[in-house]
Amino acid sequence: MTELNLASGASYFKSPEAAVAAAITAINAGQTYYGPAEGTAELRNAIAERYLQEGVTINPEQVMVTPGTKQALYNLFTILLRDDDEVVIPVPAWFGFYELLKYSKGRLVTVQTSLEDDYSLGVNALRNVLNEKSRILLLTNPANPTGRIYSRHELETILELLNDYPDLYLISDEIYDLDTYGKPYTSALGCKGPQERVIVVNGFSKNFAMSGWRIGYMVGPTKIMKQSIDFQSSTFSGVSMFIQEAALATITQQSAALTPMLEVLQENRRIMQQGLEAIPNVRFYVPDGAYYFFPDLSYYLGKTTPDGETTTSTEDLCNYLQNKHNLVVVNGDKFGGMGHVRMSFAVEQPELVQAMARLKDALLQLI
Ligand code: PMP
């Protein structure tokens, strides 16, 4: 039985032709030196232009290019967090945040959201954890792993809270912002509220299947960008010129790459939804964006496998799927969603169809 892997955070798509061509041209032209730490003027302008087209006015000085979104987050954690500061993260959330925090000063504070409430983030739940030590509220929109999109109204309600906490910044990780399936999407940058404390991090890894290029960016108050540029310049320098050129070509010809990918993702989302609907006792949220489902498989915990083993934990269940059915998914416990698993639908369609049949078969063998 061949392995079917739904665990990766990277899609199977190829990077845009425009990116590859621009990188090769730039390398041949000798652009293999340090790029400016803040990003090239052309790329910063193009990113500002991208937001302008969405109705959000950004000064290119508010944009900083980073070697990936992860690094943008790490820059911000380093600059913003002081001893004892708290970083508030609604969960389920991407486990990368917790890993980054191991190397930063902040202390993680989670706010549980649930499938029953469609992963809404209650203002009261937030108020219960916010205090004078709260320094960063970190949202992911669309979310990984749930695919939940916060509406403009939800974001503006959350932003209103910031008025009561003058030291608190909102960091909105919008790395999946172009992977959406019909629900209106608003960047935190386009919302009413204290924008001097709003920072968006974004990148090319997900929207444009460019995870290996290591390029991302952030947009926020000029003062924070300046500090971040200084930090990045001291620790990393700038993203290589030919990679910045590739990113520029991608963003200026964005729809050529995006439209075909989104068509496939839309169809794959339907296939995975139908596959999950065909399995009894599985509950899930239909993702508004990103490319994962995060189904609750807890009904299948505490069951016996054909080999007589018990699926006591989510880990046992994932091991059973992997070892007995060669189907790889991510244990949802890592995201703060006990009994759930994360499954990517950014995989080849025939594999996806097979994976859904295999999942059903595997779960129905549990008694
Ligand atoms: N943020 C989120 C929510 C992600 O899912 C990921 C990748 N899994 C990243 C950031 C990392 O992005 P990059 O490759 O740009 O560092």
Side-chain angles (χ1 to χ4, degrees), residues 23 26-27 30-48 51 58-87 89 94-108 133-138 140 167-175 188-189 195-206 210-248 250-251:
I27 289 174
Q31 289 185 283
T32 51
Y33 40 84
Y34 300 122
E38 66 277 19
T40 63
E42 292 79 4
L43 183 54
R44 294 171 94 194
N45 282 332
I47 292 166
Y51 284 104
I58 298 296
N59 180 331
E61 283 194 355
Q62 290 176 260
V63 178
M64 176 188 175
V65 176
T66 61
T69 309
K70 246 185 186 175
Q71 195 63 37
L73 287 165
Y74 185 60
N75 288 352
L76 290 169
F77 288 178
T78 307
I79 285 158
L80 290 174
L81 295 173
R82 304 152 305 188
D83 289 334
D84 300 331
D85 277 349
E86 295 181 355
V87 178
I89 304 184
W94 177 48
F95 52 83
F97 297 143
Y98 323 138
E99 285 169 5
L100 266 177
L101 276 174
K102 284 194 307 208
Y103 296 99
S104 308
K105 279 188 179 150
R107 201 172 67 78
L108 172 69
K133 289 184 186 157
S134 312
R135 182 64 163 166
I136 293 174
L137 169 60
L138 179 52
T140 318
D167 269 353
L168 179 63
Y169 283 80
L170 172 74
I171 298 182
S172 179
D173 182 336
E174 303 186 353
I175 190 166
L189 296 169
Q195 280 294 333
E196 68 284 0
R197 283 183 282 127
V198 174
I199 306 164
V200 161
V201 295
N202 206 329
F204 293 79
S205 297
K206 313 293 175 173
M210 290 176 68
S211 59
W213 299 70
R214 307 313 301 134
I215 183 155
Y217 56 90
M218 56 173 145
V219 184
T222 317
K223 185 174 141 239
I224 302 291
M225 293 307 109
K226 280 201 173 127
Q227 284 175 275
S228 188
I229 291 162
D230 186 60
F231 174 71
Q232 184 163 290
S233 162
S234 310
T235 53
F236 171 79
S237 301
V239 175
S240 313
M241 280 302 289
F242 60 90
I243 292 177
Q244 298 207 41
E245 288 296 310
L248 177 64
T250 302
I251 211 165

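When reading the values below, keep in mind they use all heavy atoms of this one structure, side chains included, and skip hydrogens, waters and symmetry mates.
Of all heavy-atom pairs spanning M225 and Q62, the tightest one is CG-O, 3.4 Å. In terms of heavy atoms, S104 sits closest to L81 at CB-CD1, 4.1 Å. Shortest non-hydrogen contact noted between A23 and W213 is CB-CZ3, 3.6 Å. Residues V65 and Q232 approach most closely at O-NE2, 3.0 Å, considering heavy atoms. Here the shortest heavy-atom pairing between P60 and N45 reads CG-OD1, 3.0 Å. Across every non-hydrogen atom of F242 and I27, the tightest pair is CG-CG1, 3.6 Å.
For the pair R107 and E86, the salt-bridge criterion is met [side-chain N within less than 4.0 Å of a carboxylate O].
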Report task. Begin from the C-alpha positions of V239 and R214 and carry the test side-chain contact (heavy atoms from CB on, under 4.5 Å) through to its verdict. Result -> CA-CA 8 Å; V239 175; R214 307 313 301 134; over 6 Å; no
Query raised in the report: Stepwise, does the side-chain contact (heavy atoms from CB on, under 4.5 Å) test hold for M210 with S205?
Result: CA-CA 4 Å; M210 290 176 68; S205 297; 5.8 Å; no
Requested in this report: In sequence, state the C-alpha distance, the side-chain angles, and the governing distance for D84 and R135, and then conclude on salt bridge (Lys or Arg N to Asp or Glu O under 4.0 Å).
Outcome: CA-CA 10 Å; D84 300 331; R135 182 64 163 166; over 6 Å; no
Query raised in the report: side-chain contact (heavy atoms from CB on, under 4.5 Å) between Y98 and L108: does it pass, once the steps are laid out?
Result: CA-CA 7 Å; Y98 323 138; L108 172 69; 3.6 Å; yes
Query raised in the report: Would L137 and I171 count as a side-chain contact (heavy atoms from CB on, under 4.5 Å) if you check the C-alpha gap in whole Å, the side-chain angles of each, and the deciding distance to 0.1 Å?
Result: CA-CA 6 Å; L137 169 60; I171 298 182; over 6 Å; no
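In this structure the side chain of L189 reaches within 4.5 angstrom of the side chain of V219, judged on heavy atoms. Counting heavy atoms from C-beta outward, I47 and I251 have side chains that approach closer than 4.5 Å. Residues D167 and R82 have side chains in contact (heavy-atom distance under 4.5 Å, counting atoms from C-beta outward). Within the 4.5 Å cutoff, the side chain of N202 has heavy atoms near those of the Y51 side chain.
The OG1 atom of T32 lies 10.0 Å from the CE atom of M241; values are rounded to the nearest 0.5 Å. The distance from the CD1 atom of I229 to the OG1 atom of T66 is 11.0 Å, given to the nearest 0.5 Å. We find the CH2-CG distance between W94 and L73 to be 7.0 Å, quoted to the nearest 0.5 Å. Taken from OH in Y169 to CG in L138, the straight-line distance is 15.0 Å, to the nearest 0.5 Å. Note: T69 OG1 to I175 CD1 = 3.5 Å, rounded to the nearest 0.5 Å. Here the straight-line distance linking atom CD1 of I89 with atom OG1 of T140 works out to 7.5 Å at 0.5 Å rounding.
Within 6.0 Å of CD in E99 there are more than 12 heavy atoms belonging to other residues, nucleotides or ligands.
Residues forming a ring-ring contact (aromatic ring centres under 6.0 Å, His included) with F95 (at least two apart in sequence, or on another chain): F335.
The residue from N75, D85, I136 that alone fulfils the side chain to side chain contact (heavy atoms under 4.5 Å, CB included) condition with L80 is I136.
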Output side-chain donor-acceptor pairs under 3.5 Å for residues 33-43, partner residues at least two apart or in another chain, one line each.
from: T40; atom 1: OG1; to: L43; atom 2: N; distance (Å): 3.1

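Of the possible polar contacts, none joining the E174 side chain to the G203 backbone as a donor-acceptor pair under 3.5 Å is found. Between the side chain of T78 and the main chain of Y74, a donor-acceptor pair closer than 3.5 Å is present.
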